[in-house]
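What follows is a single structure, written as C-alpha cells, with notes after it.
Position 1 is the first residue of the sequence, and the numbers go up from there.
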Amino acid sequence: DGQGGSRKRPFQIPASLEIKPDDTPEVAERKRKKIKAITRKAHAAEKDEAINEQRNSWQSFVTKKKDFTKLTRNNHDPHFDPERDHQEMARRFR
C-alpha cells in the first residue's frame, strides 16, 4: 500500500472506512480523504491536550503558595519590619 497504514494510531478508524480490494478507485480515494480528516482532527486534539496540560502545569506552578520565610530575607534581623517598604530605602540611596 505504501501509505503507512501499519502505524499505530491512538484513535480508532471506523470499519466502514477500511479500504477493501473490491472498492472502486473513487470510493477508495473518498475513504482515504475521510481517514486523513479523522487523523488531522485527532492530531489537533492531541496537540491541544498537550498545550492545555503545559498551561495548567505552569499556572499551578505560578499560583502555588510561596514559602513566606524565603520571601522575608531578613527574618533573622530583630529590627526587620516585614510591613515596611524596604524598596523605598533602596531607591533613596541610588
Side-chain angles (χ1 to χ4, degrees):
D1 191 37
Q3 296 292 325
S6 63
R7 281 189 279 170
K8 280 192 168 188
R9 293 184 176 116
F11 51 91
Q12 202 64 25
I13 300 287
S16 62
L17 290 180
E18 286 183 17
I19 300 172
K20 299 177 181 111
D22 60 336
D23 283 342
T24 63
E26 295 83 20
V27 172
E29 187 62 30
R30 194 174 334 125
K31 286 182 178 182
R32 263 191 222 97
K33 286 183 180 183
K34 285 184 181 180
I35 290 171
K36 194 161 189 136
I38 290 171
T39 306
R40 252 188 264 121
K41 280 184 183 179
H43 182 68
E46 202 174 284
K47 213 172 185 179
D48 285 345
E49 191 176 306
I51 289 170
N52 285 337
E53 188 178 314
Q54 287 176 336
R55 182 182 299 130
N56 291 340
S57 173
W58 173 251
Q59 285 175 342
S60 68
F61 169 74
V62 169
T63 59
K64 76 180 173 186
K65 187 177 178 183
K66 303 285 191 271
D67 186 8
F68 189 73
T69 58
K70 289 181 182 175
L71 293 178
T72 58
R73 285 189 205 153
N74 294 320
N75 58 354
H76 61 275
D77 183 4
H79 302 292
F80 181 75
D81 182 14
E83 303 297 319
R84 186 173 170 200
D85 182 19
H86 294 277
Q87 295 300 321
E88 173 236 326
M89 283 182 67
R91 276 186 242 117
R92 231 187 290 158
F93 291 113
R94 280 189 196 160

According to the ring pair (Phe, Tyr, Trp, His ring centres under 6.0 Å) rule, which pairs have a member within residues 36-59, sequence neighbours left out?
W58-F61
Looking at every non-hydrogen atom in both residues, tell me the closest pair between [X] and [Y] and how far apart they are.
{"X": "L17", "Y": "I35", "result": "O-CD1, 3.4 Å"}
{"X": "K31", "Y": "E18", "result": "NZ-O, 3.1 Å"}
{"X": "I38", "Y": "P14", "result": "CD1-CD, 4.0 Å"}

With P21, which residues qualify under side-chain contact (heavy atoms from CB on, under 4.5 Å), at least two apart?
none
Taken in chain and number order and not counting sequence neighbours, the residues that satisfy side-chain hydrogen bond (donor to acceptor under 3.5 Å, both in side chains) with N52 are R55
With a 4.5 Å cut-off on side-chain heavy atoms, are K33 and E29 touching?
yes
Checking the side chain of N56 only, and the main-chain atoms of E53 only, is there a donor and an acceptor separated by less than 3.5 Å?
no
